[in-house]
Amino acid sequence: MQEQLLDWYHREARDLPWRRTRDPYKIWVSEVILQQTQVVTGTAYYERFVERFPTVQALAEATLEDVLQAWEGCGYYARARNLHAAAKQITGQPFPETYEGWLALKGVGPYTAAAVSSIAFGYPKAVVDGNVRRVLSRWFAVKEPSDHWLQTTADEQLFHADPSSWNQAVMELGATICTPKAPKCPVCPVKDFCKAYQSGNPTAYPAPKVRAEVKEVQAVALIVGDQHNLYIEKRPEKGLLGGLSGPPLEQVQAGETVEDALKRLLDRLSVPDAKHLGTTEHTMTHRHFVVRVYQAEADLPLSASTAAMSKLDRKILRLLQEKQGALFG
DNA sequence: AAGGCGGGGAA
DNA sequence: TTCCCAGCCTT
């Protein structure tokens with residue numbers, strides 16, 4: 001099984017940018033970006049990030065604002081905050097070379113510690129990510145694998161002579177052949193070893209996870225100024241879109257009406273009244289935002305909108321642009 | 001153990 | 001639409 005998979009991997013592996021380097025820093029950055037972000041999406045962010053911050057020293061010396069700006073649009077912004085904090089933590093000293101050493105860094109959990117230590121240093125620890133979970137679940141026909149079973153089994157199967165290639169090979173198989181919905185079993189290099197394949201119904205493994213419902217959130221936002229020069233606020237570092245900037249926003253709390261939330265927003269900024277511009281919507285994994293957007297003239301400090309903003313904030317500003325475009329259109 | 005935390009690709 | 005992605009942290 002190991003020989004079949006590794007032969008296939010060395011033949012068919014995708015040419016990905018982080019596979020062209022041995023630099024532990026760049027491999028680390030790639031693994032953090034690839035946490036819950038697909039390869040096709042993450043590639044552009046990786047190129048942008050390592051060009052802006054080519055070394056761990058450069059990252060450690062940067063401001064959080066600059067780091068978040070390089071991360072803008074990539075989501076899960078705690079990853080950027082933790083990566084920045086960890087860079088400050090270790091810059092000037094040698095990189096850890098063990099699983100345990102990497103695990104001690106902020107934002108580095110079991111997956112990332114195994115990935116970086118094995119890929120950059122050949123440390124013998126198996127990665128367990130979504131791909132590996134699916135591959136092992138099918139390989140051994142275990143429908144609801146526990147985290148403990150997954151790590152133990154992955155470590156048992158690890159190819160100790162080349163942990164880097166082995167870990168990447170299992171993930172590559174999961175990403176390109178052993179996919180969730182329509183696995184390409186006929187061309188799978190290791191189908192002869194797969195119990196789910198032998199069962200005749202490979203997609204029954206693993207059983208689908210129960211997911212939390214998407215909750216609807218009503219909110220009001222206020223634009224003062226225009227899209228190039230406007231009043232923006234920085235959100236607290238903990239919580240939703242932490243550390244990012246955007247036009248002032250208030251969520252409609254339980255038992256509150258939209259008008260209540262708008263009054264709270266205007267009172268907070270000492271703005272007497274505002275004009276309704278329109279409504280925009282934005283869905284995240286766990287929240288569906290419905291944002292009523294208002295505009296006002298007010299004596300508030302305006303600045304160029306170069307700060308890092310989320311997609312939600314960009315949509316709010318786009319509403320203003322569309323209104324003004326219609327005016328001249 | 002469960003919930004919070006973005007955004008987007010693929011079918 | 002639905003599923004899930006080279007997960008981690010807090011509670």
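The figures here come from the full heavy-atom set of this structure, side chains too, leaving out hydrogens, waters and symmetry mates. Every chain is numbered from 1, with letters handed out A, B, ... down the list of sequences.
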Q: Measure distances between side-chain N and O atoms of A:T37 and base N and O atoms of B:dG8, and say whether any donor-acceptor pair falls under 3.5 Å.
A: no
Q | Proximal nucleotide (of C:dA6, C:dG7, B:dG4) relative to the A:R287 side chain | A | B:dG4
Please enumerate all protein N or O atoms sitting under 3.5 Å from an N or O of nucleotides 9-11 of chain B, with distances to 0.1 Å.
{"from": "B:dG9", "atom 1": "O4'", "to": "A:Q38", "atom 2": "NE2", "distance (Å)": "2.8"}

**Q.** Sugar-phosphate, base or nothing in reach of A:V39, heavy atoms under 4.0 Å
**A.** sugar-phosphate
Q.
Atom NZ of residue position A:K234 - does it have more than 12 heavy atoms of other residues, nucleotides or ligands inside 6.0 Å?
A. yes
Q) Side chain of A:T283, base of B:dG6: donor and acceptor closer than 3.5 Å? A) no
Q | Distance test, side-chain N/O of A:Y77 to OP1/OP2 of B:dG7, below 4.0 Å | A | yes
Q | Heavy-atom pair of closest approach, residues A:G109 and A:L103 | A | C-CD1, 3.4 Å
Q) Taking only N and O in the side chain of A:R211, is any of them less than 4.0 Å away from OP1 or OP2 of C:dC3? A) no
Q) Given B:dG6, is OP1 or OP2 found less than 4.0 Å from the side-chain N or O atoms of A:H282? A) no
Q) Separation of A:L241 atom CG from B:dC5 atom P, in whole Å? A) 9 Å
**Q.** Side chain of A:Y76 (C-beta onward), nearest among C:dA6, B:dC5, C:dC5
**A.** B:dC5
Q: For A:N82 and C:dC9, give me the distance from atom CG to atom C1', rounded to whole Å.
A: 8 Å
Q. Taking only N and O in the side chain of A:Q36, is any of them less than 4.0 Å away from OP1 or OP2 of C:dG7?
A. yes
Q. OP1 or OP2 of B:dG4 sitting under 4.0 Å from any side-chain N/O of A:H286?
A. no
Q. Can you check the A:K209 NZ to C:dC4 P distance for me, whole Å?
A. 9 Å
**Q.** Side-chain cluster (under 4.5 Å, hydrophobic types only) that A:L266 belongs to, other residues
**A.** A:V220, A:L222, A:V224, A:Y231, A:V252, A:V258, A:L262, A:L265, A:L269, A:V271, A:Y294, A:L300, A:L302
Q.
Using 30° and 60° as the class boundaries, would you call the ring planes of A:F49 and A:W71 parallel, tilted or perpendicular?
A. perpendicular
Q.
So, does A:R134 get its side chain near the phosphate of C:dC5, meaning an N or O under 4.0 Å from OP1 or OP2?
A. yes
(Q) Rounded to whole Å, how long is the line connecting atom CZ of A:F289 with atom C1' of B:dC5? (A) 11 Å
Q: Figure out the CG/P separation between A:L240 and B:dG3, and round it to whole Å.
A: 18 Å
Q: Compare side-chain N and O positions of A:K311 against OP1 and OP2 of B:dG8 and report whether any pair is under 4.0 Å apart.
A: yes
Q: Give a yes or no on this: more than 12 heavy atoms of other residues, nucleotides or ligands lie within 6.0 Å of atom CD of A:E51.
A: no
Q) When all nucleic acid strands are considered with a 4.0 Å heavy-atom cut-off, which category describes A:L16: base, sugar-phosphate, or nothing? A) base
Q) CD of A:E12 to CD1 of A:I177: how many Å apart, nearest 0.5 Å? A) 7.5 Å
Q. Can a side chain N or O of A:T285 be found less than 4.0 Å away from OP1 or OP2 on C:dC4?
A. no
(Q) Could you check whether atom CG of A:D267 has more than 12 heavy atoms from other residues, nucleotides or ligands sitting under 6.0 Å from it? (A) yes
Q.
Under 4.0 Å, heavy atoms only, any strand: does A:W71 hit a base, just the sugar-phosphate, or nothing?
A. nothing
Q) How about A:F193 and A:W139: are their ring centroids closer than 6.0 Å? A) no
Q: Could you give the distance separating B:dC5 and C:dC4 at their C1' atoms, to the nearest angstrom?
A: 15 Å
Q. How close or far is atom C1' of B:dG6 from atom CE of A:M309, stated in whole angstroms?
A. 17 Å
